[in-house]
Enquirer: 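Dumping the structure here so I can ask a few things about it.
Remember, it's 1-based here, ligands and their atoms both numbered in the order they're listed.
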Amino acid sequence: MCRKKFWILLLLVIGIGLAHGQSRRIINIPDISGYKTLKCDFHIHTVFSDGTVWPTVRINEAWEEGLDAISITDHIEYRPHSTDVVADHNRSYEIAVPLARQKNILLVKGAEITRSMPPGHLNALFIKNANLLDRDDVFDAIKEARDQGAFLIWNHPGWKAQQPDSTLWWPEHSNLLANGLLHGIEVYNSNEYYPEALEWANEKKLTMFANTDVHGPMNVEEGQHRPMTLVFAKSRTEGGIKEALFNRRTLAYFDNTLVGQSALLEPVFFASLEYDKAPLRIANGINKVVYLRNNSDLDYELELVQPGVGFDAPERLTLKAHHVTPLSLSGNSDEIGSTREINLYYTVKNMFTGPVDNLIVTFTFKNLP
Ligand SMILES: [Zn+2]
Ligand SMILES: [Zn+2]
């Protein structure tokens, strides 16, 4: 079959797939004050590097899975299909962009600078011309990306193929950081979590990411979701995403876990919940139940930090996604009768601010006699 016929056939197959009514799932993670919570995946491959799918498939997958934005980040230096797929480094983006516009998926132009460690693999997002990143010297490639206004992410920093003994930060990364050539880091890639990267992100003020690095077709089971980066953007635009990334407003979301800064985790937690905030009337021997409704997709696993003064509260509580959970409080001494403010301190076991640190939340209620 000649090449032209092959591509026409391929597009036809994709077209037939589109004609079958697909539906878009809704990811329930709330917006927070002042920001839209965008669901994003900034590390994706296609046949234009070592992936096995056509760029438009990535747009359809993102739409079906409820994402707001993706970046196709084909390898600059590694293109095993290049005898069959003859094109320059901008082509995968150009093919995907019309469908992205049609489906209202924000498509960030990107590429993966793919070198041995150090410095390893880096994604360059918001680039203008990927062909110019094809340079002999890796630092020339990174500088070129930066000169195009790119946001640069160190990918899979603990990938065993490149860091077999331990996950190390190399002097080359300090050099990149010092020269404004490194802005973010993947704390999660595909199915690997790198707690070291979370620590570095906190120490060195890097933006955190969870990305799929998907090469084959996405295969998300019902009730599951792909690893993703939540971006807290002032607007649902590419510019909104860029501003948020450079200002570190992201959380890494994988499985039932959220990782990032408490300044973002806490508002997400409370925006997920609805409950009656009216004053309680607890006294010795008097019980009160507050019904916590969790509208998000996360099951929040709570553990009491310290016992209440004058009242009993559950030591452990799971606020199941899309369920209402009773929080039962009961007065156990006369002291509670004269307490006007009740504070409940819980750690959220599936929200991490550091490798071994969980978010601590405070529920505050007024208490009336
Ligand atoms: Zn890579
Ligand atoms: Zn990759």
Side-chain angles (χ1 to χ4, degrees), residues 40-55 57-59 61-62 67 69-82 85 87 89-93 95-96 107-127 130-131 133-135 138-139 141-142 144-145 150-164 167-170 172-173 176 181-194 196-197 200-201 206-220 226-229 245 250 252 254:
C40 311
D41 182 358
F42 297 110
H43 194 163
I44 292 175
H45 295 279
T46 75
V47 290
F48 286 82
S49 60
D50 57 345
T52 58
V53 312
W54 191 248
V57 174
R58 296 309 191 197
I59 302 298
E61 289 169 341
L67 298 189
I70 63 166
S71 184
I72 293 173
T73 51
D74 279 314
H75 300 286
I76 296 289
E77 300 86 346
Y78 184 56
R79 310 189 75 194
H81 309 310
S82 58
V85 182
H89 296 288
N90 292 315
R91 193 68 192 130
S92 50
Y93 173 84
I95 290 168
L107 181 63
V108 173
K109 187 162 183 176
E112 185 169 12
I113 298 167
T114 307
R115 304 298 176 106
S116 54
M117 190 70 75
H121 296 192
L122 284 99
N123 271 359
L125 307 180
F126 310 103
I127 52 170
N131 293 326
L133 307 189
D134 200 350
R135 305 285 288 265
V138 63
F139 292 98
I142 296 169
E144 171 60 36
F151 184 96
L152 288 147
I153 307 167
W154 181 11
N155 297 337
H156 43 72
W159 185 31
K160 289 271 179 294
Q162 287 196 322
Q163 304 245 48
T167 304
L168 292 178
W169 177 277
W170 297 70
E172 284 78 357
H173 299 110
L176 291 177
L181 298 165
L182 182 62
H183 311 107
I185 191 163
E186 283 183 342
V187 300
Y188 194 94
N189 173 291
S190 181
N191 55 5
E192 288 186 346
Y193 174 43
Y194 312 111
E196 298 90 344
W200 296 335
L206 294 167
T207 307
M208 297 183 209
F209 291 83
N211 293 321
T212 58
D213 201 357
V214 64
H215 286 73
M218 279 300 303
N219 191 8
V220 180
R226 73 166 82 181
M228 68 185 79
T229 305
L245 295 192
T250 64
F254 51 93

Enquirer: Would you call the rings of His121 and His75 parallel, tilted or perpendicular, taking 30° and 60° as the class edges?
Expert: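 Ring orientation, 0 to 90° scale: perpendicular.
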Enquirer: Taking the Zn ion (ligand 1) as the centre, count the protein N/O/S atoms lying under 2.8 Å from it.
Expert: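 There are 3 of them.
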Enquirer: Could you label the plane-to-plane angle of the His215 and His45 rings as parallel, tilted or perpendicular, counting under 30° as parallel and over 60° as perpendicular?
Expert: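 Ring orientation of His215 relative to His45: parallel.
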Enquirer: Enter the distance from Asn155:CG to Asn211:CG here, rounded to the nearest 0.5 Å.
Expert: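 Asn155 atom CG to Asn211 atom CG measures 7.5 Å (nearest 0.5 Å).
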Enquirer: Hey, do the aromatic rings of Trp200 and His173 have their centres closer than 6.0 Å?
Expert: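 Aromatic pair excluded; centres sit 6.0 Å or further apart.
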Enquirer: Hey, does Trp170 have a side-chain heavy atom less than 4.5 Å from the side chain of Gln163?
Expert: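 Counting from C-beta outward, Gln163 and Trp170 do come under 4.5 Å.
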Enquirer: Holding to side chain to side chain donor-acceptor pair (under 3.5 Å), I want the full list of residues that pass it with Ser190, two or more places apart in sequence or in another chain.
Expert: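 Testing Ser190 for side chain to side chain donor-acceptor pair (under 3.5 Å), a comparison that skips the adjacent residues, returns none.
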